[in-house]
Every structure is written in C-alpha cells, then in structure tokens.
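Keep in mind the model is a prediction, meaning the values are calculated, not measured.
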There are 2 protein chains.
Amino acid sequence: MSAKTKRSPESLVDLMARDIQAGVFTPGSWLKQIDLENRYGATRMDVRRALDQLALKRLVRHVPNRGYHVHALDDRQADEIRDVRVILETAAAESMVENVGPADLEDLRRLAARFDELTLTGTILEQYEANIAFHVRLLKLCSNQELVNIVMELRGRGPSAPATQWKTRARIEQSGREHLLMIEALAAHDTAALRRVLTAHIRQTGLEGVASTQPPKHKSG
Amino acid sequence: MSAKTKRSPESLVDLMARDIQAGVFTPGSWLKQIDLENRYGATRMDVRRALDQLALKRLVRHVPNRGYHVHALDDRQADEIRDVRVILETAAAESMVENVGPADLEDLRRLAARFDELTLTGTILEQYEANIAFHVRLLKLCSNQELVNIVMELRGRGPSAPATQWKTRARIEQSGREHLLMIEALAAHDTAALRRVLTAHIRQTGLEGVASTQPPKHKSG
DNA sequence: GGCAAAATAATTGGCGCCAAAATGTTTGCA
DNA sequence: TGCAAACATTTTGGCGCCAATTATTTTGCC
C-alpha cells in the first residue's frame with residue numbers, strides 16, 4: 001500500500017471507527033496490527049493506541065495474546081442501544097423545539113434535501129455521511145452538549161453501519177420522509193410530534209403505534 | 001514508595017479514575033508520569049495507556065509535550081451530565097419497577113442499611129463505596145444493560161467526587177433517607193414516586209417541586 | 001538590583017528490538 | 001489413513017533508550 005499517508009495520530013481512532021462502521025472490517029474478524037499499520041500508514045504504537053481506545057469504546061474487543069477483533073454486537077445489545085438512543089433523543093426533543101430558529105430550519109431543509117438527492121445519485125457511503133450531517137445539525141439544537149456527545153457516541157456504537165441500516169431503497173426513502181417530518185414538527189414547535197418521529201426513525205419502525213409522551217419500553221427482559 | 005504492587009494493568013484506568021474521583025489529585029494539577037509510575041507501581045507504558053484512556057473519558061486532558069492534567073469540569077458540564085443522568089435513570093425507573101422482586105428489595109435494604117451505618121462510623125471513601133454499591137444494585141434491576149453501563153460511566157465522569165458530593169453530614173443523611181424512599185417506591189411499584197426520588201437524589205435538591213412524569217428541563221442554554 | 005538570555009535539568013514522547021504466546025504446517029507413528 | 005507431537009512462522013506485547021520539547025536555574029549585562 002501507500003507507504004506514508006502521515007495522518008494525525010489523534011484522528012486515527014475516528015478513522016478506524018468510521019471504517020468499522022462502514023463495514024470495511026467484517027464483524028468478528030481479527031484486526032492484525034501489521035495490516036492496520038500498512039492500511040493507515042501509521043506506526044505500530046499508534047495502531048496499538050487506537051486499538052485500545054476502540055476497545056474502550058466497545059467497538060473492538062481485546063483478547064490478551066490473541067489480538068483485537070471487531071465486536072459484533074448481538075441483537076439484544078443492539079436493541080438496548082437503540083432504546084437508550086430513543087430515551088435520550090426524545091428527551092432532547094423538548095430542548096430542540098425550544099431552541100430552534102429560522103436559520104436552523106433552513107440548514108436542516110438543505111441537509112434533508114441533500115440526503116434525498118443522494119438517495120438517487122449517491123453511493124451508500126455518501127448517503128451515510130449526508131444522514132450523519134443532518135442528524136448532527138439536528139442534535140446541535142439541543143442545549144445540552146453532553147447529551148449530544150453521548151448520542152453521537154451511541155450512534156457510532158450501534159448497528160448503524162450503512163450495510164445493515166438501509167436494507168432497501170424504500171427504507172432510505174422512508175428515512176428521507178421522516179427527516180422532513182422532523183423539520184415540520186420543529187417548525188410547528190410540536191414536541192410530541194417530534195418525539196414520535198424520532199422514535200420511529202431510530203427504531204426504523206412505522207409511525208403507527210408509537211406513543212408520544214411516555215418513555216420507551218424495553219423489549220428485552 | 002513501595003516498588004512493585006503488581007497490579008493488573010487492565011484495572012489501572014479504573015484505579016486512577018477512582019483516585020481522581022476521590023480527589024487524590026486536585027483538579028487542574030499536572031499528572032507527572034514518573035509520580036504515577038511510583039504511586040501505582042506500574043510501568044511507564046501502562047501509565048501512558050491509562051492516561052490516554054482517561055483522556056478519552058474526559059477525566060484528564062492532554063496537552064502535547066506538556067503532559068496530562070486532571071480536567072476540572074465547569075458548572076455547565078456538571079449540570080449537563082447530571083441532566084443526562086436524570087433522563088436515563090428516570091427512564092430506567094419503569095423497567096426497575098417492573099422487574100423488582102423480593103430478593104432485590106432484601107439486597108437493597110441491606111445495602112441501604114450499610115450506607116446509613118457508615119454515615120456514622122465510616123470514612124468518606126467507605127461511604128462513597130457503599131453508595132456506589134447501592135446504586136449498582138439498583139441499576140441492575142433495569143433490564144437494559146447498556147443503559148446501566150452508560151449511567152455508570154456518567155457517574156464516574158460527573159461531579160460525584162466524595163469531596164464535593166456530600167458537603168455536610170445532613171446531606172449524607174438525606175441521601176440515606178432517599179435510598180429508603182427508593183426502596184419504598186420499588187416495593188409499592190410506584191414508578192412516578194421512584195422517578196421523583198431519583199431526580200431529587202441525583203440533583204441533590206429537595207423533593208419539593210420535582211415533577212414526576214415530564215423529562216428534566218435543561219438549565220443552561 | 002532588575003531583566004534578559006543562555007545553560008542546565010526534567011519530562012514527555014516516539015521508535016525499534018526482541019521475548020513470549022499462539023497459530024499453522026510438517027513430520028512421525030500406530 | 002488418522003492422530004499426535006514437534007517444528008516453524010506469525011503475531012502480539014513489553015521494555016528501554018534517546019531525541020525533542022519544556023521548565024528552571026544560573027549567569028551576564030545594563
């Protein structure tokens with residue numbers, strides 16, 4: 001591979017996290033340090049550091065004297081993380097509705113339009129990035145910055161890999177429609193509606209049967 | 001100091017995190033690697049690893065070529081983290097009430113009693129541990145394990161250092177009473193009451209004026 | 001005596017090497 | 001031919017040294 005891309009070691013974790021998310025490494029596969037060195041043009045020490053940090057983030061798992069392998073979370077964990085996201089993002093909805101302004105709506109409409117555009121013309125990765133951009137902008141409306149950080153982290157940890165997230169074109173288009181519904185709810189300052197859409201969007205279920213005010217139930221017990 | 005205490009390098013992060021929480025290192029002070037080596041009887045590499053992980057956890061901050069210093073979070077961040085804890089723990093309340101059984105109540109009563117006992121006879125650190133033990137046991141009632149993990153992590157990051165947490169004996173005794181109120185609410189399967197107590201307990205405000213059902217407001221804007 | 005600049009000391013941080021452990025392969029034996 | 005043991009290869013992981021950078025003290029000059 002290209003010998004030296006000279007990346008800032010700080011962002012190597014993020015880079016690897018993205019690649020794991022993007023499905024470059026299949027879940028369960030072992031991450032050999034040599035390969036990572038070559039792929040990212042990093043030193044062995046940087047790779048080890050990044051691996052450790054990713055293990056702390058639960059994205060990879062460390063087995064002493066065996067190495068690191070990407071952590072494939074089971075259905076239960078995936079459900080649980082989704083539920084936590086629903087809890088946090090619906091809790092943030094109130095703050096979002098309070099803080100939203102015309103400029104925010106403008107931005108969001110632009111980002112939603114871009115996502116829809118890429119539904120037709122873009123690659124899966126571009127769609128993924130556009131979706132992230134929309135949601136980051138949306139989350140920034142929340143005044144609680146720590147909450148935003150935690151949600152972003154969960155988003156990275158959950159089963160939001162593009163490969164598994166949007167299985168069908170219909171699902172992608174549905175996501176696009178839900179983005180618009182969120183903007184509508186924000187514009188109308190309708191917290192309950194926003195919560196409903198967010199819940200459906202995160203759970204990727206239809207909008208029917210989603211209670212608006214009460215916190216989400218936990219499936220697994 | 002004692003040359004080799006031979007700790008498992010895995011837990012060094014937790015150990016240091018605890019010490020930071022316990023106020024062994026004053027906020028803002030620089031953590032010299034040599035001192036840490038001696039104090040924990042660890043190798044330089046282990047210290048560096050732990051430092052990096054703590055930086056990722058936002059417990060310490062890294063300044064290149066200057067070192068690491070313990071990160072004193074400002075009031076705003078402290079408030080925000082508290083708010084997130086309120087959101088998550090009140091959301092967990094429903095699941096807790098659903099899952100609680102007689103054996104759980106028994107355990108909780110025992111742990112609460114132990115906390116009260118240490119109010120009189122124990123050191124601050126013992127009180128801290130007993131408190132943690134109670135809350136871990138309480139959280140374990142929640143079926144969502146990921147939620148539990150996140151709350152535990154937040155608990156470690158938030159301003160829950162014993163030094164700042166229980167300023168007065170009156171405050172400690174109040175905490176003990178609140179523990180009992182939680183158990184009562186659990187026994188009565190009263191989700192709303194549990195939420196109320198949890199909110200007051202985390203915020204360390206009185207029980208008056210705490211809404212039971214609606215999510216917490218965010219102070220900082 | 002006070003300030004600036006140079007020399008010294010202390011600390012961080014990067015890099016590479018080699019031992020320990022595990023995996024895969026070949027060989028030997030029943 | 002199937003199984004087991006020994007060998008070879010690969011991979012991880014620990015340790016130490018030294019360069020780069022920063023803090024501190026000393027020295028020299030005005």
Side-chain angles (χ1 to χ4, degrees), chain A residues 1-20 23-72, chain B residues 1-20 23-72:
Chain A
M1 313 302 158
S2 56
K4 299 227 171 137
T5 339
K6 199 57 181 176
R7 308 197 178 279
S8 72
E10 189 62 32
S11 65
L12 181 58
V13 243
D14 300 320
L15 197 60
M16 286 182 61
R18 280 174 97 91
D19 280 347
I20 290 174
V24 174
F25 309 105
T26 63
S29 65
W30 291 94
L31 296 174
K32 283 184 263 189
Q33 296 182 359
I34 291 253
D35 295 343
L36 300 175
E37 270 183 78
N38 295 336
R39 165 174 261 270
Y40 298 107
T43 71
R44 158 98 28 146
M45 213 190 84
D46 287 333
V47 168
R48 286 219 281 239
R49 265 231 263 270
L51 247 15
D52 268 343
Q53 314 243 322
L54 291 173
L56 199 72
K57 279 189 174 180
R58 311 275 180 78
L59 264 153
V60 304
R61 202 162 273 278
H62 176 56
V63 184
N65 290 333
R66 299 275 305 307
Y68 299 79
H69 62 93
V70 336
H71 178 51
Chain B
M1 307 306 160
S2 56
K4 300 234 170 127
T5 338
K6 198 58 184 176
R7 308 196 177 280
S8 71
E10 190 63 31
S11 64
L12 182 58
V13 244
D14 299 321
L15 197 60
M16 286 182 61
R18 280 173 98 92
D19 280 347
I20 290 173
V24 174
F25 309 105
T26 63
S29 66
W30 291 95
L31 297 173
K32 281 186 268 189
Q33 297 182 1
I34 292 253
D35 296 343
L36 299 176
E37 271 184 74
N38 295 337
R39 165 175 258 271
Y40 298 107
T43 72
R44 159 101 21 151
M45 214 190 84
D46 286 333
V47 168
R48 285 215 280 236
R49 266 233 265 268
L51 247 14
D52 267 343
Q53 314 242 324
L54 291 173
L56 199 73
K57 279 188 175 182
R58 312 276 180 81
L59 264 154
V60 303
R61 201 161 273 278
H62 176 57
V63 183
N65 290 332
R66 293 278 310 282
Y68 300 79
H69 62 93
V70 336
H71 177 51

Say whether A:D19 and A:Y40, considering side chains only, have a donor N or O and an acceptor N or O under 3.5 Å apart. yes

Sequence-distant partners of A:R48, salt bridge (charged side-chain N to carboxylate O under 4.0 Å, His left out), two or more places apart: none

By side-chain hydrogen bond (donor to acceptor under 3.5 Å, both in side chains), which residues pair with A:D35, not counting sequence neighbours? none

Determine, step by step, whether B:Q33 and B:L51 satisfy the side chain to side chain contact (heavy atoms under 4.5 Å, CB included) criterion, reporting the C-alpha distance in whole Å, the side-chain angles of both residues, the deciding distance to 0.1 Å, and the verdict. CA-CA 9 Å; B:Q33 297 182 1; B:L51 247 14; 4.2 Å; yes

Could you state the atom-to-atom distance from CD of B:E37 to P of C:dA10 in whole Å? 16 Å

To the nearest angstrom, how far is B:N38 atom CG from C:dA10 atom P? 15 Å

Heavy atoms from other residues, nucleotides or ligands near CZ of B:R61 exceed 12 (cutoff 6.0 Å): no

Report, as a single string ordered 5' to 3', how protein heavy atoms within less than 4.0 Å touch nucleotides 7-13 of chain D: B base, S sugar-phosphate only, - not at all. ----SBB

